[in-house]
Amino acid sequence: MSELSTVYNARETEKEIYKFWEDNNCFRANAKSDKPPYSIVIPPPNVTGVLHMGHALDETLQDILIRYKRMSGYEALWMPGCDHAGIATQNVVEKNLAKENKTRHDLGREKFVETTWEWANEHKDRILEQCKLLGASFDLSRKRFTLDEGCSNAVKKVFVDLYNKGLIYKGNYIVNWCPRCQSAISDVETNYETEPGNLWEISYALLDEPGAIVIATTRPETMFGDVAIAVNPNDYKYKDLIGKTCVMPLTGRRIPIIGDDYVDKSFGTGALKITPAHDPNDFEVGKRHNLEQIKVIDECGNMMVNEYVPPQIQGLNRVEARKKTVEMLKENEVLVRVVEHTHNVGKCQRCSTTIEPLLSTQWFVKMKPLAKPAIEAVKTGKIKFIPQRWEKNYLMWMENIRDWCISRQLWWGHQIPAYYHNQTGEMVVALENPDPNNYTQDKDVLDTWFSSGLWPFETMGWPDTNSEDYKKFYPTSTLVTGFDIIFFWVARMITMGLEFTNQAPFSTVYIHGLIRDELGQKMSKSKGNTIDPVDLIEKYGCDALRFTLTYLCTYGGQDIKISDEKFEFGRNFANKIYNAARFVLMNITKKDLTIDYNNLSIADKWILNELNECTKLVVDNLENFRIGEVASILYEFFRTKYCDWYVELSKIEKNEAVLVYVLDKFLRLLHPIMPHITEAIWQKMPVKKDEIGILFASYPTFDDKLKFNNDAKKMETVFETIKALRNIRAEFNIPLGLKIDIIIDNNEELYSQIIPYLNRLAKVNEVRFEKESNIKKSAYCTVNDTKITVPLEDLIDLDQEIKRQTKKADKIKLELTSIEKRLNNPNFTNSAPKDVVSKTQEKKEELLQELQLIEETINKLS
RNA sequence: GGGCGUUUAGCUCAGUUGGUAGAGCGCCUCCCUUACAAGGAGGAUGUCGGGAGUUCGAGCCUCUCAACGCCCACCA
């Protein structure tokens with residue numbers, strides 16, 4: 001903190017402070033500590049990732065919880081790390097190769113993986129380094145990578161165990177195939193987009209008799225893989241055709257007409273071509289009817305070269321193939337009509353390429369048995385979602401879960417620990433290759449989410465359940481993430497955690513909203529609407545970024561709309577704190593700053609009471625993950641209570657011990673949200689410090705000895721009075737230089753104590769206590785049961801004052817009417833709780849009294 | 001098709017067991033009062049999306065309608 005500048009230099013301070021924490025190893029958790037554990041594992045950012053606003057929010061919230069618990073007597077561990085991000089990383093490296101006109105096949109698998117490791121090692125720390133700019137207090141000495149040795153061992157063990165339990169199997173099924181990634185992807189990695197398309201109606205002639213059956217399809221090129229035409233058995237139009245045979249146009253292949261309930265009579269023509277090798281539903285129908293599976297599109301998205309595909313179409317890519325097929329159908333006059341039809345098309349989440357449903361041999365996890373305990377854990381409350389509504393979402397997905405396709409035809413990732421005998425083809429699933437000379441490992445790697453599903457325990461040393469970290473920090477406490485990866489990640493961690501550690505991997509899942517731009521749109525590079533958190537940090541400071549995000553983060557987990565300017569809010573607050581602290585510290589003259597509880601002014605008691613109330617609220621809200629509320633409570637307390645009133649009052653009469661005490665506690669309360677500025681100021685505080693930094697200082701809690709409710713109430717009266725007098729000054733344009741006299745008709749004991757406050761804060765000259773004042777040319781204000789007269793002579797326009805008072809009276813009358821209506825209603829007085837009734841009664845009396853005072857005033861003026 | 005969310009001051013949004021509304025930004029007036037103009041003082045602004053119901057009393061609970069958004073399913 002410079003003594004000169006009135007503007008807080010956030011970046012300079014933040015860099016200095018973060019370095020101080022790092023140099024002192026402040027974030028290193030001690031597995032041998034006696035303190036109770038509190039642990040969070042970071043949602044591992046992709047190694048390809050660059051810090052974005054989503055991370056900024058997610059990391060900030062985790063850091064707040066970690067710092068809060070660290071100050072509250074817990075051994076807090078925040079486990080950092082990165083995800084190897086199979087497809088994403090492989091894409092990046094392949095793109096780099098493409099620049100040299102090479103493909104991964106030019107390098108070969110071994111060399112390619114080596115190259116990818118090089119790239120990963122170079123970039124592995126990039127995003128975690130960026131997280132440091134956010135003030136993250138994670139323990140980098142424990143940093144992990146989902147592809148490191150420990151994680152690899154965990155993955156192998158889990159795979160082998162699941163296989164041995166019969167929960168992993170290899171099978172031939174329809175998968176979502178991305179022709180660009182050249183890999184199968186899972187259902188959750190497939191997004192559906194609505195696209196305009198056509199419904200082509202094609203006529204298949206009946207065999208050996210006149211007539212034809214017309215089917216409708218959105219993918220005519222797959223017709224060559226047809227093995228049947230299906231109709232609904234209850235469809236009178238087609239009923240009689242079941243069992244007959246028809247002839248496929250263009251190829252002349254004969255296929256049966258079958259009946260199946262799956263067919264929707266009302267859609268299209270009511271007749272459906274069955275292509276089991278290229279459509280998941282057709283696959284099921286095909287199985288029910290023991291039909292052949294004919295693959296006609298290959299893994300590159302090209303039409304296959306085989307006897308099923310007409311020569312003109314063989315080898316064409318699927319787009320050209322469709323065109324050509326339609327053309328040929330037209331020529332053969334079997335294209336009945338083309339109907340425009342918008343439909344949903346599966347896209348690869350990574351590269352947006354249209355998915356090709358494809359028959360393929362893949363590895364799957366049988367999810368139903370694994371899901372069961374994972375459902376129970378949430379239903380019984382072992383795991384709680386905040387906000388709770390996400391539980392429903394999670395349960396719905398888990399209850400309808402389908403098997404998880406875990407094999408990927410990539411080179412970057414955990415290679416599947418299945419080994420095939422070179423001669424016999426016999427398969428062995430084991431931790432190690434049983435005999436490298438005779439067995440070859442499965443070529444496929446595992447879905448990235450397979451290893452991240454183990455993240456909470458693989459990072460803690462599992463499968464070594466005796467490791468210190470595992471014993472101390474597992475299960476973890478809270479998981480913080482956005483709702484977009486509940487299925488991808490959270491659900492899988494829960495299933496895997498329960499299966500392999502017999503414990504829920506965390507007890508609370510705190511789900512926050514997503515960051516969006518001002519218009520509520522998702523931020524994306526292609527839209528060009530991204531805001532770079534690093535830029536914001538440079539411009540406004542990290543604490544400002546954190547505070548603003550936190551303030552905007554509501555309990556309901558609503559998405560957060562941001563724009564650059566919104567962060568001025570946090571910056572301004574930081575600046576305010578800096579200046580207030582500077583002022584307080586500049587004015588400390590005493591060595592002994594112990595509070596003398598026998599010698600406190602009502603102002604002192606008021607601020608201590610307010611601090612205490614604020615503390616209670618902050619702690620309650622932190623415990624309940626109402627973090628946005630915490631930010632707003634602290635903002636309100638500091639600005640409107642501490643700065644606007646207490647510090648102002650201290651210019652008149654100060655209690656240095658209380659000034660410092662409140663600032664100290666406030667800094668501690670705020671530290672989890674704004675760690676740097678609070679640390680920087682705290683280091684300069686003249687309080688006894690047992691700890692190296694505020695990050696280890698004890699978090700304040702509610703304290704009975706700070707309860708001063710009565711004095712606090714009196715002080716509120718004082719503030720009311722000052723505000724009322726200021727209001728008079730403003731309304732009658734009384735220049736600040738011109739002091740006013742006031743006449744007070746009541747409550748002399750209190751008012752005589754606060755004359756200096758009135759002098760300074762309302763520019764009052766003389767205070768007189770008189771029951772009756774006869775000075776007509778006055779402005780009036782009432783505070784509770786007290787009338788205050790401000791003689792103004794020529795400064796006052798009496799008509800204006802009458803208007804002012806009448807307006808007030810009207811407002812009170814309006815409120816009185818409503819209150820009286822309530823009180824006169826026997827239903828209210830009988831059925832409402834007694835304290836509500838008595839409070840209403842009190843309110844009525846107060847209003848009546850005030851109204852009386854005002855009416856007297858009006859009468860006098862008129 | 002199923003589920004969820006949102007609708008409150010010009011804008012962005014709070015509002016925790018139902019007791020008649022708040023903040024930030026913006027706006028108007030005044031003030032460079034020696035911590036802070038990234039500040040201070042004062043002020044204006046709302047039939048709480050529409051309708052119905054429960055209740056003594058509804059922004060909050062129930063039903064219904066509407067608009068916008070999201071998720072799941074993927075009827076060729």
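Since the structure is predicted, the reported quantities are computational estimates derived from the model, not experimental observations. Within every chain, numbering begins at 1; the chains are lettered A, B, ... in the order of the sequence lines, protein sequences first and strands thereafter. Values reported hereafter were calculated over all heavy atoms of this structure, with side chains retained and with hydrogens, waters and symmetry mates removed.
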Legend entry - Pairs satisfying salt bridge (charged side-chain N to carboxylate O under 4.0 Å, His left out), at least one member in residues 538-559 of chain A, at least two apart: Arg11(A)-Glu538(A), Asp63(A)-Arg546(A), Arg516(A)-Asp559(A), Lys539(A)-Asp564(A)
Inset, instruction - Applying side-chain contact (heavy atoms from CB on, under 4.5 Å) between Glu201(A) and each of Val336(A), Leu335(A), Leu329(A), report the one that passes. - result: Val336(A)
Inset, instruction - Could you tell me which residues satisfy side chain to side chain donor-acceptor pair (under 3.5 Å) with Gln293(A), sequence neighbours excluded, listed by chain and number? - result: none
Legend entry - Side-chain donor/acceptor contact of Glu648(A) with base of A35(B) under 3.5 Å: yes
Inset, instruction - Can you establish whether the number of heavy atoms outside Lys808(A) located under 6.0 Å from its atom NZ is more than 12? - result: yes
Atom pairs under 3.5 Å: protein N/O with N/O of nucleotides 54-58 of chain B:
{"residue": "C56(B)", "atom": "O2'", "partner": "Asn825(A)", "partner atom": "ND2", "Å": "2.9"}

Inset, instruction - Salt-bridge test for Glu613(A) and Lys616(A): reply yes if a basic N is under 4.0 Å from a carboxylate O, no otherwise. - result: no
Taking distance alone, no hydrogens or angles, what donor-acceptor pairs closer than 3.5 Å link side-chain atoms of residues 567-577 of chain A to residues at least two apart or in another chain?
{"residue": "Asn572(A)", "atom": "ND2", "partner": "Glu568(A)", "partner atom": "O", "Å": "3.4"}
{"residue": "Asn575(A)", "atom": "OD1", "partner": "Tyr8(A)", "partner atom": "N", "Å": "2.9"}

Inset, instruction - Figure out the CG/P separation between Asn344(A) and C71(B), and round it to whole Å. - result: 12 Å
Dump every N/O contact between nucleotides 43-45 of chain B and the protein below 3.5 Å, one line per pair.
{"residue": "G43(B)", "atom": "OP1", "partner": "Asn727(A)", "partner atom": "ND2", "Å": "2.9"}

Legend entry - Nearest-neighbour nucleotide for the Val263(A) side chain, A76(B), A35(B), G42(B) considered: A76(B)
Legend entry - By side chain to side chain donor-acceptor pair (under 3.5 Å) - contacts of Asn393(A) (at least two apart): none
Inset, instruction - Would you tell me if any nitrogen or oxygen in the side chain of Tyr262(A) comes within less than 4.0 Å of OP1 or OP2 on A76(B)? - result: no
Legend entry - Test side chain to side chain contact (heavy atoms under 4.5 Å, CB included) applied to Thr190(A) - qualifying residues, sequence neighbours left out: Asn176(A), Ile185(A), Tyr192(A), Ile355(A)
Inset, instruction - Kindly say if His278(A) contacts the phosphate of A76(B), meaning a side-chain N or O under 4.0 Å from OP1 or OP2. - result: no
Collect all protein-nucleotide pairs involving nucleotides 37-39 of chain B in which both atoms are nitrogen or oxygen and the distance is under 3.5 Å.
{"residue": "A38(B)", "atom": "O4'", "partner": "Asn572(A)", "partner atom": "OD1", "Å": "3.1"}
{"residue": "A38(B)", "atom": "O2'", "partner": "Asn575(A)", "partner atom": "ND2", "Å": "3.0"}
{"residue": "A38(B)", "atom": "N3", "partner": "Arg571(A)", "partner atom": "NE", "Å": "3.2"}
{"residue": "G39(B)", "atom": "OP1", "partner": "Asn572(A)", "partner atom": "ND2", "Å": "3.4"}
{"residue": "G39(B)", "atom": "O3'", "partner": "Lys576(A)", "partner atom": "NZ", "Å": "3.0"}

Legend entry - Listed nucleotide nearest any side-chain atom of His343(A), set A76(B), A35(B), G24(B): A76(B)
Legend entry - Parallel, tilted or perpendicular: ring planes of His512(A) versus Tyr510(A), cut at 30 and 60 degrees: perpendicular
Inset, instruction - Give one of base, sugar-phosphate or nothing for Phe569(A), where a contact means two heavy atoms less than 4.0 Å apart. - result: sugar-phosphate
Inset, instruction - Just compare A35(B), C75(B), G24(B) and give me whichever is closest to any side-chain atom of Asp279(A). - result: C75(B)
For nucleotides 29-33 of chain B, print each protein N/O atom paired with a nucleotide N/O atom at under 3.5 Å, atom names and distance only.
none

Inset, instruction - Could you give me the CA-CA distance, side-chain angles and deciding distance for Glu801(A) and Arg804(A), then say whether salt bridge (Lys or Arg N to Asp or Glu O under 4.0 Å) is met? - result: CA-CA 5 Å; Glu801(A) 178 62 1; Arg804(A) 206 174 73 100; 2.8 Å; yes
Distances under 3.5 Å only, N/O to N/O: pair up the protein atoms with those of nucleotides 4-9 of chain B.
{"residue": "C4(B)", "atom": "OP1", "partner": "Lys392(A)", "partner atom": "NZ", "Å": "2.7"}
{"residue": "G5(B)", "atom": "O2'", "partner": "Gln558(A)", "partner atom": "OE1", "Å": "3.4"}

Inset, instruction - Might you confirm whether atom CD of Glu653(A) has over 12 heavy atoms from other residues, nucleotides or ligands at distances under 6.0 Å? - result: no
Inset, instruction - Give a yes/no on whether any side-chain N or O of Ser632(A) is located under 4.0 angstrom from OP1 or OP2 of A14(B). - result: no
Legend entry - Nucleotide opposite G22(B) in a Watson-Crick or G-U pair, distances under 3.5 Å: C13(B)
Only pairs under 3.5 Å count here: list side-chain donor-acceptor contacts from residues 217-231 of chain A, not counting sequence neighbours, and write none if there are none.
{"residue": "Thr217(A)", "atom": "OG1", "partner": "Arg219(A)", "partner atom": "N", "Å": "3.0"}
{"residue": "Arg219(A)", "atom": "NH1", "partner": "Glu356(A)", "partner atom": "OE2", "Å": "3.2"}
{"residue": "Arg219(A)", "atom": "NH2", "partner": "His278(A)", "partner atom": "O", "Å": "2.5"}
{"residue": "Glu221(A)", "atom": "OE1", "partner": "Arg322(A)", "partner atom": "NE", "Å": "2.9"}
{"residue": "Glu221(A)", "atom": "OE2", "partner": "Arg322(A)", "partner atom": "NH2", "Å": "3.0"}
{"residue": "Thr222(A)", "atom": "OG1", "partner": "Arg219(A)", "partner atom": "O", "Å": "2.7"}
{"residue": "Thr222(A)", "atom": "OG1", "partner": "Lys273(A)", "partner atom": "NZ", "Å": "2.7"}
{"residue": "Asp226(A)", "atom": "OD1", "partner": "Lys273(A)", "partner atom": "NZ", "Å": "2.9"}
{"residue": "Asp226(A)", "atom": "OD1", "partner": "Thr275(A)", "partner atom": "OG1", "Å": "2.8"}
{"residue": "Asp226(A)", "atom": "OD2", "partner": "Tyr204(A)", "partner atom": "OH", "Å": "2.6"}

Legend entry - Lys651(A) vs A35(B): side-chain N/O to OP1/OP2 distance below 4.0 Å: yes
Legend entry - Distance-only polar pair, side chains of Arg822(A) and Asn825(A), donor-acceptor under 3.5 Å: no
Inset, instruction - Spell out protein contact along nucleotides 59-64 of chain B as letters: B when the base is contacted, S when just the sugar-phosphate is, - when no protein heavy atom is under 4.0 Å; keep the 5' to 3' order. - result: ------
